[in-house]
Amino acid sequence: MALRKLMEEAERLLRSAGVDEPRLELSRDPRYGEVSSLAAFDLAKKLRRSPNEVASEIVDRMRSEEMEFIKDVEAVRGYINFKPDWIRYSEEILREILEKGEKYGSSEMGAGKRIIIEHTSVNPNKPLHVGHARNTCLGDSLARILRFIGYDVVVLNYIDDSGAQMADLILGFTELGYPLDPPQGMRFDEYCGDVVYVEVSKKVEEDERLAEKRKRIVGEIESGRGKLYQLNRRVVERVLRDQIKTCWRLGATYNILNLESQIISLNIWREVFEKLKEKRLVYRAETGEKAGCWLLDLSKHPILSKEGDEVLVRSDGTTTYVARDIAYAAWKLGETSKDFKYSVWGVNPGGGEIYITDEAGEVDLKLGEIDRVINVIDVRQRRPQEVVKYALKLLGLRSEKYIHYAYEVVALSRKDAERLGHRVEGGEKIVHMSGRRGLYIKVEELLDMLRDRALEEVKKRHEDWSVERMRSVAEKIAVGALRYALIKPDIDKLIVLDTDEILRLEGDTGPYLQYSYARACRILEKSEDEPSTKPPAEPLEVEKKLLRRMAILPKLLSGFDQNLLIKPIANYAYKLASEFNDFYEKAPVLRAQEDIKRFRLGIVMAFKITLANVLRLLGIPLMEEM
RNA sequence: GGGCCCGUGGCCUAGUAUGGAUAAGGCGCCGGCCUUCGGAGCCGGAGAACCCGGGUUCAAAUCCCGGCGGGCCCGCCA
């Protein structure tokens, strides 16, 4: 690794000058070299002298040392800045990238370790909306990145096929005269979500008798047998097929679909419940408004204790969501004696089978030792997730391995909410999406809007292309735009979706990244010359900037398994593309003289590899032409 | 009432985890760049008391305390 070699050399020099704590970091600005040390600040404090003096003395002591990649060391206002021999350093950077190709930036950090990621997990009664897409894109990116750094990742999608939201649909189909098939041209998930669910839940709110009927339906669905149970299974399956199509369109893939009903019928709860009782972590309330319920004792928890104990088993004997999630969490950590049976549900577009839990299935999947479980769930579930984690801890399970990857939701701008026919109250700036009220923007419709918008641009540029080719490219642009928009902001910041804003394909957007890639492809395609890794002379500033950026990719990814931050990677992609475009303007490749041309071709090729690797991690599709 | 999160030019954001060198971009605005490596691009300009007040430190957008504003969570729902 070129950068690592540079840093190791800087460290060696510092140690030779008597510095014990090198405190090396990447320089903030190219004028300060590549690598800087802050060691003089610490020493200055100890010695009660000025940092600048101390830094200068350290630099003087290093002068006589042997240097390979480092050409110059300077003391500036207390900083010790290392400048590389750019001729050697560039060659080292380019050689590594061209040699490693698709593997550049990857590592074996996670070798032998398995991580479970659960994401998407949308109730199977409606189509995906943009808020769900944030979940899917984050989860899928986590999976891609962790695989790239060597982890064995298993992606789960939890399907809650047995709640009241399903009963609404069944009530609509059996009692309120909704036909089982959608009108011509409408997808089944959209029909269920946009029409049946919204209309039925409104009727249920207005009519107590319907609420009663729905309650009976919930019971029958959960019983695991009967006509309504069978009908529900068919509805779930049809909606799920449509939902997964949308996920595939976003580029996400799955390994296992876990049905809530199977978790119930496997009855892992009973096992966990027994342990909770044995350890006296739960108790049965005898009096008060929660009489007859089994509660989890939260009194020892510093914060949760303030809100009272958690009901796990209701007075009627049924379990709450949190109870089932505790049992399910124990299963994910491999801490239950029973395991699911599976059958093959389908195959991901890029290959790889998807299994679904199925008590009649023939397949056993042993997940074995789990390094970590990452649950991508929005921030509103922080409290219940904390209860689950706390319960695991009380049970003596490895709760520190159970991670709630919390992200903020996607809300509608006032303008878009009004466009959807929602009456916005006076001071409201944002409006939260609501499945029950039918107030949401679907992933499919947003992608279609983006694709149509992109198609206009493609048409302008490629009149000679076939319609299919134009549509295929426009589709990739749409997916790139949406994924980037959902991944770029901090996970703990609310995204206010503004459709006018997101339809913009210029500036800091996914298409900008894709465009930069296509530009690089054009240059390489037009040249017959062999790229070279050797600079004929000191590289230009724009060349150095790009080389520097490419060189830090392995370092950028090296801490990922600890911090799980996707945003810095999206940020990196943008800076990389932006610096390439700067290079593109200022350093002509094909028109340059022979030796310079070959070096620049090397840079362009390395850029193409580096950007492609990063965009793959983010799930942003690549195109040679757009 | 208790808890969690956010607060950076007109708007949207990066930088905050590991405190350090003139606070970095995008949108919008103003002005430039197509005799060709694709203008979905590039360059220049105007525009910021980094919410407020304390504190720690040689050094604070970043850490600590207290406010203010916004969002979320606190159900025998999931």
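Within every chain, numbering begins at 1; the chains are lettered A, B, ... in the order of the sequence lines, protein sequences first and strands thereafter.
Pair check for B:C4 finds B:G71; Watson-Crick or G-U wobble, both atom distances under 3.5 Å. Base pairing analysis places B:C63 opposite B:G55; the two distances defining the Watson-Crick or G-U wobble pair are each below 3.5 Å. Using Watson-Crick or G-U wobble geometry with both donor-acceptor distances under 3.5 Å, B:G41 finds its partner in B:C33.
Between A:Arg383 and A:Gly163, the residue anchored nearer the 5' end of RNA chain B, judged by the nucleotide with its closest heavy atom, is A:Arg383. Place A:Ile523 and A:Ile303 on RNA chain B by their nearest nucleotides, and A:Ile303 ends up nearer the 5' end.
Per the stacking criterion (ring centres < 5.5 Å, plane angle < 30°), A:Tyr584 stacks onto the base of B:C37.
Judged by the 6.0 Å distance and 45° axis criteria, A:Lys459 is not positioned over the aromatic ring of A:Trp465.
Residue side chain A:Asn81 reaches the base of B:A21 through a donor-acceptor N/O pair under 3.5 Å, judged by distance alone. With hydrogens and angles ignored, no donor-acceptor pair closer than 3.5 Å exists between the side chain of A:Ser516 and the base of B:A40.
Using a 4.0 Å heavy-atom criterion, one finds that A:Val458 contacts the bases of the nucleic acid, with or without backbone contacts as well. A:Leu524 comes within contact range of no nucleotide atom at all, as no heavy-atom separation falls under 4.0 Å. Within the 4.0 angstrom heavy-atom criterion, base atoms lie near A:Arg23. Contact annotation for A:Asp498: no contact, since no heavy-atom pair falls under 4.0 Å across all strands. Within the nucleic acid shown, A:Val379 has no heavy atom closer than 4.0 Å to any nucleic acid atom. As judged by a 4.0 angstrom heavy-atom cut-off over every strand, A:Asp29 is placed among the base-contacting residues. Using a 4.0 Å heavy-atom distance criterion, A:Pro384 is classed as a base contact. Looking at heavy-atom distances under 4.0 Å, A:Asp500 makes no contact with the nucleic acid at all. A:Lys575 comes within contact range of no nucleotide atom at all, as no heavy-atom separation falls under 4.0 Å. At a threshold of 4.0 angstrom between heavy atoms, the contacts of A:Thr320 are confined to the sugar-phosphate backbone, with no base atom among them. A:Ala55 comes within 4.0 angstrom of nothing in the nucleic acid, heavy atoms only. Using a 4.0 Å heavy-atom distance criterion, A:Gln165 is classed as making no nucleic acid contact. Among the protein residues, A:Ala291 comes within range of the nucleic acid bases, having at least one heavy atom under 4.0 Å from a base atom. Base contact: A:Asn563 has a heavy atom under 4.0 Å from a base atom.
Atom-to-atom, CD of A:Glu408 to C1' of B:C5 comes out at 7 Å; the value is rounded to the nearest Å. Look at CG on A:Leu494: it is 13 Å from C1' on B:G7, rounded to the nearest Å. Nucleotide B:G2 holds its C1' atom 15 Å from the CG atom of A:Leu298, rounded to whole Å. The NZ atom of A:Lys586 sits 16 Å away from the C1' atom of B:C37 (whole-angstrom rounding).
The phosphate of B:G39 (OP1 or OP2) has a side-chain N or O of A:Arg519 nearer than 4.0 angstrom. At least one side-chain nitrogen or oxygen of A:Arg461 sits closer than 4.0 Å to the OP1 or OP2 atom of B:A40. Residue A:Lys567 places at least one side-chain N or O under 4.0 Å from the OP1 or OP2 atom of B:A14. For B:C37, the OP1/OP2 oxygens have no side-chain nitrogen or oxygen of A:Lys526 closer than 4.0 Å. Taking 4.0 angstrom as the limit, A:His462 places none of its side-chain polar atoms (N or O) nearer than this to OP1 or OP2 of B:G38. At the phosphate of B:A78, OP1 or OP2 sits under 4.0 Å from a side-chain N or O atom of A:Arg324. Here A:Lys306 does not reach the OP1 or OP2 of B:G1: none of its side-chain N or O atoms lies under 4.0 Å away.
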Between the protein and nucleotides 26-36 of chain B, list the N/O to N/O atom pairs that are separated by less than 3.5 angstrom.
residue, atom, partner, partner atom, Å
B:G26, O2', A:Asp508, N, 3.4

Start with the C-alpha distance between A:Asp325 and A:Gln385, add both sets of side-chain angles, then the distance that settles side chain to side chain contact (heavy atoms under 4.5 Å, CB included), and finish with yes or no. CA-CA 9 Å; A:Asp325 215 32; A:Gln385 282 300 307; 3.1 Å; yes
List the steps and the verdict of side chain to side chain contact (heavy atoms under 4.5 Å, CB included) for A:Glu386 and A:His404. CA-CA 8 Å; A:Glu386 182 57 32; A:His404 175 202; over 6 Å; no
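A donor-acceptor contact closer than 3.5 angstrom links the side chains of A:Asn258 and A:Tyr328. A donor atom on one side chain and an acceptor atom on the other are not found under 3.5 Å apart for A:Asp168 and A:Ser201. Side chains of A:Arg483 and A:Ser141: a donor-acceptor N/O pair is present below 3.5 angstrom, by distance only. Judged by distance alone, the side chains of A:Glu579 and A:Tyr574 never bring a donor and an acceptor atom under 3.5 Å apart.
Here CD of A:Glu11 is found 9.5 Å from CD of A:Glu21. Values are rounded to the nearest 0.5 Å.
B:C11 and B:G75 have their C1' atoms separated by 39 Å, given to the nearest Å. One P atom belongs to B:C51, the other to B:A17, and the distance between them is 15 Å to the nearest Å. Distance noted for atom C1' between B:U62 and B:C43: 32 Å (whole Å). Remark: the separation of the C1' atoms in B:A61 and B:G7 is 11 Å, to the nearest Å. With both ends at atom C1', the span from B:U57 to B:G44 equals 39 Å, rounded to whole Å. Across B:U16 and B:C29, the matching P atoms stand 31 Å from one another, rounded to whole Å.
Here the side chain of A:Glu34 pairs no donor or acceptor atom with the backbone of A:Ser27 at under 3.5 angstrom.
For the side chain to side chain contact (heavy atoms under 4.5 Å, CB included) test with A:Leu259, the passing option among A:Ile159, A:Ile264, A:Asn157, A:Asp160 is A:Ile159; the others fail.
Proximity of A:Tyr283 to A:Asp309: side-chain heavy atoms (C-beta onward) are separated by under 4.5 Å at one or more points.
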